[in-house]
Amino acid sequence: MENSTSLCSPRMLKGFRDTFTQEYLARRWLVNNVQKVYERYGFAPIETPALEYVDVLGKYLPECDTAEEGIFSFRDLDREWIALRYDLTAALARLVALYPELPKPFRRYQLGLVWRDEKPGLARFREFYQLDIDTVGCASMQADAEVCAVICDALTSLGFVVGEYQVKVSNRKILNGVLEKAGIDSLDSKGNLTEIGLTALRAIDKLDRIGLRGVMELLGPGRKDESGDFTKGAGLNSDQIIWIEKFLQIQAKSREQFCKELDALVGSTVIGKQGIDELLQIDQFLSAVGYTNSQVVFDPTIVRGLSYYTGPVFETVLTIPYHDEHGNERHFGSIFSGGRYDGLVERFLGYKVPATGASIGVDRLLEAMKCLGRINMPKATAQVLITSMDSQLMPEYQKLAFELRRAGICTELFMEKAGLKKQLKYADQWDIPLAIIVGSNEVSQHKVTIKDLRKGRELASEIKDRDEWRRSQPAQVIVDREALISTVQQMLAN
RNA sequence: GCAGCCGUAGCUCAGUUGUUGGUCUAGAGCGCCUGACUGUGGAUCAGGAGGUCAUGGGUUCGACCCCCAUCGGCUGUACCA
């Protein structure tokens, strides 16, 4: 035996996962459904590399000659800084800039792994899938409204009904209007967010976690959480905070009503007015095609990722709660988010290219659906296991297997030497629904035995006498060899 | 990054407790393997395999238990383009 200290430990990077069949099939089902919805709107699939130059991703720090934290980066043979992509949007901007001849609007969707070198947590990984949809080169609010509609349709295709999800929409221009109204310089001369504006937006973004009072503390001097940690605030005065509080507390029965309330608050600022107009246009489209206020709602507390959004922002939540291991009621985080980013391509081309889109957190949504019992996938693809208890009969088993496969039935043949008991247990462990048993008895009578393991499992609770149970075998049938395929098809069907 | 809690079998954990470190060559449940059942999974019963008590050092006659360090995990918080 090797000394155990000389063995290599099969360890794995934290925040990375192996995906087994059950989860793989569930993800494939989810992705297929959503992609079909995307295509129904005329979006087309593309793919881009996993690696990009760090400066293209916008993450190069020239003064340090290194990449920003939070991304996986390294140098290649040419000593160039490159990195694994942390989202799909940066690559889309690069793509649009690299192929200016692409007819606009350019409407694409993309499924891909992205990587972030951050602290992993509950349903937070360092490698995960995103499934993005974007329209590039269309400034109309109809494109933004369409994104909301796509989100609703995608969730519908996964079995969610109205009332189980909510697309929350706000607009960065409104937030800027509120800050302006409160006398906060949120934008500098180039239109970028200032430090104080950034801190204020971060505070607002935390509303769902720390509550209104927590947000107010963060807007003012700062906040101490229950662990005793202190977070420095934005240092706003109470008059300024009241403006923001008024804004956050807007509640309206409808999107239109929300815009009215908003108008009273920030309609007097140019940027705020613009933001309200944009929301009204989105409402117009959505209302015209029947997306109700319970599906898409205007919500002042939505902020989204801090830098590149320039207009409407979206965030989708599941309104169904779930219960954690302690029995506490909890809610899933945002599963489908995005917004308008008219400035992203400007970095490459020198002029603005309007763009809007959204991204599904595939793994997070999958996790939620698993929690809710909305996805149930088998552990294996085989529907039938042909047991082999007599090696002399192997040619016959092979024939059975190929007949079933030619009929389109996923079939596995047990090839190892093992007792029937072990083989049936194997089928049971992998959730294979049917087992075929053929021994000398069956061969001499030109029959096959087909055992329904799912049905057997159900009936097992009624077992009283084992011998009796074994003699009667209620979950299996013996049929003519010729009737194999039709019987299997019939048994799989119900 | 900061703070708190934790690390004993494949998994979930017991054992360490305010007068104490010796009973531990360390247990349970689940899972796994074998058999009762020479051709039948899930029930029942019997048996079996599986642990350098995270790692390294220290205190001690003696450490799973006390002290220090390291590593790993969980939770909260910060950051998250």
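Chain naming here is simple, since letters A, B, ... match the order of the sequence lines and numbering starts at 1 in each.
- Using a 4.0 Å cut-off between charged side-chain N and carboxylate O, A/Arg481 and A/Glu396 make a salt bridge.
- Aromatic rings of A/Phe125 and A/Phe16 (six-membered ring for Trp) have centroids beyond the 6.0 Å cut-off, not under it.
- Comparing the same atom, C1', in B/A9 and in B/G31 gives a spacing of 11 Å after rounding to whole Å.
- When rounded to the nearest whole Å, the span between CG of A/Asp87 and C1' of B/C80 equals 12 Å.
- Put simply, NZ on A/Lys232 is 21 Å from P on B/U77, counting in whole angstrom units.
- For an aromatic pair to be called close, the ring centres must be under 6.0 Å apart, and A/Tyr109 with A/Phe43 fails this.
- Nucleotides B/C64 and B/U17, compared at atom C1', are 15 Å apart to the nearest Å.
- OP1 or OP2 of B/A78 lies within a sub-4.0 Å distance of a side-chain N or O belonging to A/Arg209.
- Nucleotides B/C32 and B/C11, compared at atom P, are 15 Å apart to the nearest Å.
- Taking a centre distance below 5.5 Å and an interplanar angle below 30 degrees as the stacking criterion, A/Tyr86 stacks against the six-membered base ring of B/A81.
- For the pair A/Gln423 CD and B/C37 C1', the computed distance is 16 Å after rounding to whole Å.
- Here, B/G58 and B/C65 have their C1' atoms 15 Å apart, quoted to the whole Å.
- Atom CG of A/Leu57 and atom P of B/C80 are 17 Å apart (whole Å).
- For the residue pair A/Thr449 and A/Glu442, a side-chain donor N or O sits within less than 3.5 Å of a side-chain acceptor on the partner.
- Distance A/Met389 CE to B/G41 C1': 15 Å, rounded to the nearest Å.
- With both ends at atom P, the span from B/C6 to B/G48 equals 36 Å, rounded to whole Å.
- Here the P atom of nucleotide B/A81 and the CG atom of A/Asp205 are 9 Å apart, to the nearest Å.
- The backbone N or O of A/Pro49 lies less than 3.5 Å from a partner atom in the side chain of A/Arg85, making a donor-acceptor pair.
- For the C1' atom pair drawn from B/U40 and B/G29, the interatomic distance equals 28 Å after rounding to whole Å.
- In terms of phosphate contacts, A/Lys421 brings no side-chain nitrogen or oxygen within less than 4.0 Å of OP1 or OP2 of B/U34.
- At whole-Å resolution of the value, NZ in A/Lys119 and P in B/G1 are 10 Å apart.
- Remark: A/Lys422 is not in phosphate contact with B/G39, judged by side-chain N or O atoms under 4.0 Å from OP1 or OP2.
- Nucleotide B/G72 holds its P atom 6 Å from the NZ atom of A/Lys14, rounded to whole Å.
- Between A/Glu127 and A/Arg116, no side-chain nitrogen of the basic residue sits less than 4.0 Å from a carboxylate oxygen of the acidic one, so the salt-bridge criterion is not met.
- Taking atom C1' in both B/C61 and B/U77, the straight-line distance is 48 Å, to the nearest Å.
- Rounded to whole Å, the C1' atom of B/C45 lies 32 Å from the corresponding atom of B/C53.
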* **Working for salt bridge (charged side-chain N to carboxylate O under 4.0 Å, His left out), residues A/Arg340 and A/Asp144** => CA-CA 7 Å; A/Arg340 178 164 281 275; A/Asp144 301 80; 2.8 Å; yes
* For RNA chain B, what string of dots and brackets results from 5' to 3' when Watson-Crick and G-U pairs need both distances under 3.5 Å, crossing pairs get [ ], and pairs with another strand get |? -> (((((((..((((........[....)))).(((((.......))))).....(((((..]....))))))))))))....
